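Here is the structure we will look at.
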Amino acid sequence: MISDDGLFYHDLLAPALRRRAVQVTQAKSIQETHAQLAKGIVPDVILLDVDFSRAGEGSFAGLKAAREIRKSFPGVGLLVWSQHNELRIALEVISIGRQGGRVGYVLKDKLEDVQQLMSYASTVQAGGISIDAELHGFFNRGGRLTSMQRKVVELISQGFTNKAIAARLGMSVGAVEKYISAIRIAYGLPSVEDDPAVNIRVLIVLEYLSDTTSHSDPDPEELHPDETDPDEPDAD
């Protein structure tokens with residue numbers, strides 16, 4: 001579902017998605033979005049704008065709507081898109097996915113093409129999270145982590161699976177899992193065993209985006225990804 005009060009996006013994006021065999025419903029206001037959901041028109045993913053000022057519903061009406069939709073329809077993916085290049089808004093959006101994931105925040109003016117948008121939507125539909133790496137300040141976070149740990153978190157935030165992260169960083173999946181476990185411990189987060197309801201990847205990304213600690217001196221030489229550090233925690 002495209003939920004946006006800008007007719008431009010409905011006129012151009014909806015036909016482009018349909019040409020790619022995507023079933024599309026459209027809503028031009030928050031009120032219309034809720035009405036369609038109430039009728040049983042429940043999409044896999046809602047492409048939800050933050051700003052509905054044209055519809056007279058408020059500049060940040062989309063944030064409130066996202067929280068309401070998640071509460072009533074927890075299985076719907078929420079891909080929030082916006083012209084607001086602010087991490088604080090992304091944090092609010094991603095926090096909605098603490099239990100279950102299926103959230104994303106992308107910038108309208110940074111989207112390269114429809115295929116990239118579909119990739120974001122697919123990640124969210126599959127239960128992942130996706131944050132636009134073009135957000136101001138995105139790469140200046142995570143000062144409490146090592147250089148490699150920051151790379152792992154940044155890829156998690158962009159929707160990469162452990163297998164995909166391993167391929168990009170040239171390490172084994174087991175090594176990625178160990179890094180994630182070390183990151184979880186560094187941020188004092190619960191394990192899946194401690195709290196099965198939480199989405200640990202979402203919690204890690206939220207902590208990372210909130211971590212404004214200054215980066216320390218260059219990290220000591222990293223272990224080879226396939227070596228085992230006896231002091232490194234086991235994977236979750």
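These numbers were taken from a predicted model, which means no experiment stands behind them. We use all heavy atoms of the structure for the numbers below, so side chains are in, but hydrogens, waters and symmetry mates are not.
Leu206 and Val106 fall into different hydrophobic clusters, where Ile, Leu, Val, Met, Phe, Trp and Tyr side chains are chained together by heavy-atom contacts under 4.5 Å. Follow the hydrophobic side-chain contacts under 4.5 Å out from Val80 and you reach Phe138 in the same cluster. Clustering ILVMFWY residues whenever any of their side-chain heavy atoms sit less than 4.5 angstrom apart, transitively, puts Ile204 in a cluster other than the one holding Val124. Following chains of ILVMFWY side-chain contacts shorter than 4.5 Å, one can reach Val176 starting from Ile183, so the two form part of one hydrophobic cluster. Residues Val205 and Tyr187 fall within the same hydrophobic cluster, defined by Ile, Leu, Val, Met, Phe, Trp and Tyr side chains chained together at heavy-atom separations under 4.5 Å.
Rounding to the nearest 0.5 Å places CG of Leu135 at 12.5 Å from NE2 of His84. Here the CG atom belonging to Leu12 is positioned 10.5 Å from the CG atom belonging to Leu7, to the nearest 0.5 angstrom. Rounded to the nearest 0.5 Å, atoms OH (Tyr208) and CD (Glu154) are 3.5 Å apart. A distance of 12.0 Å separates CD1 of Ile165 from OH of Tyr179, quoted to the nearest 0.5 Å. For the atom pair CD of Gln26 and CG of Leu47, the computed distance is 11.0 Å after rounding to the nearest 0.5 Å. Here CD1 of Ile156 is found 13.0 Å from OG of Ser130. Values are rounded to the nearest 0.5 Å.
Side-chain contact check for Leu117 versus Leu79: some heavy-atom pair is nearer than 4.5 Å. Side chains of Leu17 and Ile2 form a contact here, defined as non-hydrogen atoms less than 4.5 Å apart. At least one side-chain heavy atom of Arg67 sits under 4.5 Å from a side-chain heavy atom of Lys64. Looking at Pro43 and Leu37, their side chains come closer than 4.5 Å, going by heavy atoms from C-beta outward. Looking at heavy atoms from C-beta onward, Leu189 lies in side-chain contact with Ile200 at the 4.5 angstrom threshold. In this structure, the side chains of Arg141 and Thr212 come closer than 4.5 Å at one or more pairs of heavy atoms. Within the 4.5 Å cutoff, the side chain of Glu92 has no heavy atoms near those of the Phe60 side chain. Taking 4.5 Å as the limit, some side-chain heavy atom of Asp49 sits within range of a side-chain heavy atom of Trp81.
Side chain of Ser119 to main chain of Gln115: no donor-acceptor pair is present (N/O by atom type, distance under 3.5 Å, no hydrogens or angles). Using modelled atom types, one side-chain atom of Gln116 and one backbone atom of Glu112 make a donor-acceptor pair closer than 3.5 Å. Between the Arg144 side chain and the Asp211 main chain, no donor and acceptor come within less than 3.5 Å of each other.
Of all non-hydrogen atoms in His136 and Asn85, the two that sit nearest each other are N-OD1, 2.8 Å. Residues Arg168 and Leu155 come closest through the heavy atom pair NE-CD2, 3.6 Å. The nearest pair of heavy atoms linking Phe52 to Ala61 is CB-CB, 4.1 Å. The heavy-atom pair separating Ser3 from Leu48 by the smallest distance is OG-CD1, 3.4 Å. Among all heavy-atom pairs drawn from Asp5 and Ser53, the shortest one is OD2-N, 3.5 Å. Here the closest heavy-atom approach between residue Ile30 and residue Ala65 is recorded as CD1-CB, 3.5 Å.
In this structure, Gln83 places its CD atom where only 12 or fewer heavy-atom neighbours from other residues, nucleotides or ligands lie under 6.0 Å away. Surrounding CD of Glu57 are more than 12 heavy atoms belonging to other residues, nucleotides or ligands, all under 6.0 Å away.
Sorted by first then second residue, the side chain to side chain donor-acceptor pair (under 3.5 Å) pairs that include residues 97-106, not counting sequence neighbours, are Ser82-Tyr105.
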_Run Ile129 and Asn199 through side-chain contact (heavy atoms from CB on, under 4.5 Å) and show every step you take._
CA-CA 10 Å; Ile129 57 175; Asn199 186 307; 5.6 Å; no
*Evaluate the side-chain contact (heavy atoms from CB on, under 4.5 Å) criterion for residues Met148 and Leu169: first the C-alpha distance (whole Å), next the side-chain angles of each, then the deciding distance (0.1 Å), finally the verdict.*
CA-CA 9 Å; Met148 185 58 73; Leu169 297 181; 4.0 Å; yes
*Step by step, would you call Ile180 with Arg201 a side-chain contact (heavy atoms from CB on, under 4.5 Å)?*
CA-CA 9 Å; Ile180 292 174; Arg201 297 169 81 86; 4.0 Å; yes
_Stepwise side-chain contact (heavy atoms from CB on, under 4.5 Å) test for Leu78 and Val93_ = CA-CA 9 Å; Leu78 296 169; Val93 172; over 6 Å; no
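Exactly one of Asp4, Asp51, Asp132 qualifies for a salt bridge (charged side-chain N to carboxylate O under 4.0 Å, His left out) with Lys108. That residue is Asp4. Looking at Asp44, Val45, Ile46 one by one, the single match for side chain to side chain contact (heavy atoms under 4.5 Å, CB included) with Val76 turns out to be Ile46.
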